[in-house]
Undergrad: 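I'd like to ask some things about the structure below.
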Amino acid sequence: MEDDPNHLYRLDGVAHIASAVHLEMAGLYHLARLNESWFRLDEPLVSAFVERWRPETHTFHMPFGECTIILQDITYHLGLPINGQYVSRCLTDFPRYIAGGQPPWVWFEELLGVLPPANCIDKFTVKCTWFEETFSELPQGADEETVRRYARAYIMMLLSMQLFGDKSGTRLHIRWLPYVARLEDMGQYSSAALSWLYRCMCRVANINVVKLAGPLWGGYQPSLSDKGPRVTNWRLRIDLLQPGDFLWMPYSLAEVVQVVHPEILEPRHMTLWRAATTLIYFAVIEWHPVDQVLPQFGGVQGRPRASLNIDFLMSKDGRGGDHWFPLTL
């Protein structure tokens with residue numbers, strides 16, 4: 001696919017009609033270009049790894065030790081910032097966080113220039129099909145404000161459908177309004193993608209859950225009830241892995257270092273990769289367990305320690321009353 005800096009990219013990777021300036025301003029240009037041409041998902045491999053996920057430690061328990069997805073992966077693969085303000089707003093009390101205390105749907109119309117019909121609205125969510133139909137084609141001769149409105153809608157779809165998708169994939173939450181209101185400020189926020197992925201992995205580790213949500217590229221959501229031959233084959237191959245078969249530090253390879261953006265390798269980013277800290281995505285709080293996977297940073301793993309107990313925080317997901325969260329935070 002030709003890389004045209006004058007275009008955004010649709011969720012399927014096709015060039016969009018709005019200017020890429022707004023995506024670069026929001027720090028999401030690289031994310032918008034990712035699609036199935038960049039990432040190929042192996043469904044049975046994902047299912048085999050999920051079977052080894054431990055919610056207590058947020059790690060995969062492998063024959064040779066523990067490993068996990070870390071902030072370094074988010075930086076290299078998605079090109080998202082990991083240093084900045086946390087992504088959090090109260091989900092049920094929007095007027096407290098909206099300039100002038102406007103009702104949320106009044107603010108929605110002001111920022112996007114149109115209001116969804118009543119049959120497309122459910123509480124604070126809108127049907128994704130309405131977004132796609134309404135903002136698929138930019139009007140001829142659109143002025144700057146119209147382009148910004150389409151860019152806001154595009155970013156809300158990009159975040160809700162690709163990065164923070166749920167299992168339904170049919171509705172878009174308007175929690176992103178405070179962020180798209182000022183596109184130039186979006187780059188100041190830290191990526192919350194890993195927090196949401198951890199939460200989705202913990203949910204699907206439950207034997208009663210059969211679909212995995214989260215930032216899975218290409219729209220793939222594996223059914224974990226599939227125990228066919230390919231899943232079994234991957235499970236057996238993982239069981240036979242030896243310590244020398246696993247590449248602990250893939251980003252240290254010369255061919256990788258040559259193609260990444262130099263800013264990624266600055267000490268201020270590399271320090272954060274090694275931080276055992278909380279990851280915040282609205283009411284979702286998860287733990288970044290780098291102390292459990294020191295070999296991924298070239299270290300030697302000592303005797304396992306008891307995992308940090310944050311069951312109380314992990315039980316909060318924004319469903320029902322969540323006023324405790326902004327007050328406690």
Side-chain angles (χ1 to χ4, degrees), residues 1-35 78-81 84-85 87 89 91 94-95 97-165 169-189 191-192 219 282:
M1 180 177 66
E2 289 294 327
D3 186 12
D4 185 352
N6 296 318
H7 290 86
L8 298 181
Y9 290 85
R10 297 187 191 278
L11 301 186
D12 58 5
V14 179
H16 192 270
I17 31 63
S19 170
V21 172
H22 300 94
L23 271 187
E24 293 174 342
M25 184 188 304
L28 298 172
Y29 178 64
H30 178 73
L31 178 67
R33 297 173 60 238
L34 300 180
N35 54 72
L78 304 182
L80 295 172
Q85 302 179 50
V87 176
R89 304 274 176 167
L91 304 185
F94 270 102
Y97 298 94
I98 298 174
Q102 301 180 73
W105 293 106
V106 172
W107 204 31
F108 183 100
E109 186 173 14
E110 178 182 307
L111 292 177
L112 300 181
V114 63
L115 194 63
N119 62 350
C120 292
I121 297 175
D122 181 13
K123 295 182 180 178
F124 291 117
T125 65
V126 182
K127 286 185 177 180
C128 293
T129 52
W130 177 85
F131 259 88
E132 294 169 345
E133 293 169 359
T134 305
F135 297 101
S136 61
E137 296 295 336
L138 187 70
Q140 291 288 336
D143 57 18
E144 173 61 21
E145 181 55 33
T146 301
V147 174
R148 288 179 70 91
R149 288 173 175 171
Y150 272 69
R152 290 186 184 114
Y154 177 90
I155 290 173
M156 290 179 69
M157 288 189 287
L158 181 68
L159 296 176
S160 295
M161 298 167 63
Q162 294 285 72
L163 202 57
F164 300 101
T170 60
R171 306 199 73 86
L172 186 156
H173 203 289
I174 66 171
R175 60 168 61 109
W176 298 108
L177 284 181
Y179 299 92
V180 299
R182 290 182 55 82
L183 298 176
E184 56 272 22
D185 292 342
M186 286 196 71
Q188 300 176 9
Y189 291 92
S191 170
F282 292 101

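Computed from a predicted structure; not experimentally measured.
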Undergrad: If you compare all heavy atoms of Cys128 against all heavy atoms of Leu172, which two are closest, and at what distance to 0.1 Å?
TA: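 So the two residues come closest at SG-N, 3.8 Å.
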Undergrad: Side-chain contact test, heavy atoms from C-beta onward, threshold under 4.5 Å: evaluate it for Pro178 versus Trp107 and give yes or no.
TA: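 Yes, their side chains come closer than 4.5 Å.
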Undergrad: Might you point out which heavy atoms bring Arg175 and His173 nearest each other, and give the distance in Å?
TA: N-ND1, 3.0 Å
Undergrad: Within the structure provided, determine whether Trp176 and Leu158 are in side-chain contact (heavy-atom separation under 4.5 Å).
TA: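 No, side chains not in contact.
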Undergrad: Closest heavy-atom contact between Ile174 and Met156?
TA: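 Closest heavy-atom pair between Ile174 and Met156: CA-CE, 4.0 Å.
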Undergrad: Using the ring of each side chain (for Trp, its six-membered ring), is Tyr150 parallel, tilted or perpendicular to Phe135, with breaks at 30° and 60°?
TA: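 Correct class here is perpendicular.
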Undergrad: Evaluate the criterion side chain to side chain contact (heavy atoms under 4.5 Å, CB included) for residue pair Leu177 and Phe124; output intermediate values, then yes/no.
TA: CA-CA 11 Å; Leu177 284 181; Phe124 291 117; over 6 Å; no
Undergrad: Looking only at heavy atoms, which two atoms of Arg149 and Leu111 are closest? And how far apart?
TA: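 Looking at all heavy atoms of both residues, the closest pair is CG-O, 3.1 Å.
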Undergrad: May I ask you to say whether Arg148 pairs ionically with Glu110, meaning some side-chain N is under 4.0 Å from a carboxylate O?
TA: no
Undergrad: Start with the C-alpha gap between Leu183 and Met186, add the side-chain angles, then the distance that decides, and say whether side chain to side chain contact (heavy atoms under 4.5 Å, CB included) holds.
TA: CA-CA 5 Å; Leu183 298 176; Met186 286 196 71; 4.2 Å; yes
Undergrad: What are the two closest heavy atoms between Ala153 and Leu112, and how far apart are they?
TA: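 Smallest heavy-atom distance, with atoms named: N-CD2, 3.8 Å.
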Undergrad: For residues Trp105 and Lys123, report the shortest heavy-atom separation together with the two atoms involved.
TA: CZ2-O, 3.3 Å
Undergrad: Please enumerate all residues that pass side chain to side chain contact (heavy atoms under 4.5 Å, CB included) together with Gln85, with sequence neighbours excluded.
TA: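 Side chain to side chain contact (heavy atoms under 4.5 Å, CB included) check on Gln85 returns Gln188, Tyr189.
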Undergrad: Once you measure the plane-to-plane angle for Phe282 and Tyr179, does it fall in the parallel (<30°), tilted (30-60°) or perpendicular (>60°) bin?
TA: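 It falls in the perpendicular class, over 60°.
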Undergrad: Quick one: side chain to side chain contact (heavy atoms under 4.5 Å, CB included) partners of Arg171, sequence neighbours excluded?
TA: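 Listed in chain order: Asp122, Thr125, Lys127.
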